[in-house]
Amino acid sequence: MRLGIRGKLFVGALLVITGAVLAGGIYLEPTLRAWLETRVEEELIRHARTGVVAVEMPPQLGPSADGLADGLGRSMGARVTIIAADGRVLGDSELDRAQLARVENHGDRPEVRRARGRGSGINRRYSTTLGTEMLYVAVTYRRSDGAGVVRVATPLSVVDEAVGRLRVVLL
């Protein structure tokens, strides 16, 4: 079968459009991913700083830390963990009090170590508990009865979903 001039122009235009869309997708996907991850990171930093303000306010933290973490987690739409200076988890928005008593020490987590050294720390890693890539942001707090870290975390699946939507739009 031989193509006429219209057929050749159509096939040529189709190839040019397909190439342009593919090139745009190859460029846009990592750019969009990096931009979205930066936005999520900035939001978590703001949330962690808000958490620090809330943790530093009550006269005593003690057992109320878990309730505070639960409330902060609900309002932020993220996982909030309140960690003592020695790495003990005082409160976590995803754990009840019984689970909290059994949770491992968080003092060796990379974001917690960085926060203790620099005032804040950020880390991306795979959570075996949740089965997804997570972004963690930790900020130190100081109180008259001690210091520690407020850590806020969220799954990076929102970034994956946005990149997936871009692929669908390009198709």
Does some side-chain heavy atom of [Y] sit less than 4.5 Å from a side-chain heavy atom of [X]?
X	Y	value
Arg125	Pro110	yes
Arg151	Val80	no
Leu135	Leu44	yes
Arg116	Val149	yes
Val112	Asp108	no
Arg79	Leu95	yes
Val11	Leu3	yes
Val55	Leu68	yes

Specify the closest pair of heavy atoms between [X] and [Y], including all atoms of both residues, with the distance to one decimal.
X	Y	answer
Pro155	Thr132	CB-CG2, 3.9 Å
Val139	Ser120	CG2-CB, 4.2 Å
Arg97	Asp66	CG-OD2, 3.8 Å
Ser93	Ala69	CB-O, 3.2 Å
Ala78	Ala153	CB-O, 3.4 Å
Ala115	Thr140	O-CG2, 3.0 Å

**Q.** Test salt bridge (Lys or Arg N to Asp or Glu O under 4.0 Å) applied to Arg113 - qualifying residues, sequence neighbours left out
**A.** none
Q. Would you find a donor on one side and an acceptor on the other, under 3.5 Å apart, between the side chain of Glu56 and the backbone of Arg142?
A. yes
Q | Test side-chain contact (heavy atoms from CB on, under 4.5 Å) applied to Glu111 and Ile122, step by step | A | CA-CA 5 Å; Glu111 66 279 1; Ile122 299 169; 6.0 Å; no
With clusters defined by side-chain heavy atoms of hydrophobic residues (ILVMFWY) lying less than 4.5 Å apart, directly or transitively, does [Y] cluster with [X]?
X	Y	value
Tyr126	Leu156	no
Val152	Ile45	yes
Tyr27	Val163	yes
Val158	Leu32	yes
Ile83	Met76	no

**Q.** Basic-acidic side-chain contact under 4.0 Å: Glu104, Arg109
**A.** yes
Q.
Do the side chains of Arg39 and Glu42 get close enough for a salt bridge, i.e. N-O under 4.0 angstrom?
A. yes
Q.
Any donor-acceptor pair under 3.5 Å linking the side-chain atoms of Asp92 with those of Thr81?
A. yes
Q | Within 45° cone of Tyr136 ring axis and under 6.0 Å: Arg124 NZ or CZ | A | no
At what distance, to the nearest 0.5 angstrom, does [atom1] of [X] lie from [atom2] of [Y]?
X	Y	atom1	atom2	value
Ile5	Leu9	CD1	CG	5.0 Å
Leu22	Ile17	CG	CD1	12.0 Å
Ser64	Asp70	OG	CG	11.0 Å

(Q) Arg33 vs Asp160, test: side-chain contact (heavy atoms from CB on, under 4.5 Å). Steps then yes/no. (A) CA-CA 8 Å; Arg33 181 176 297 281; Asp160 295 333; 2.7 Å; yes
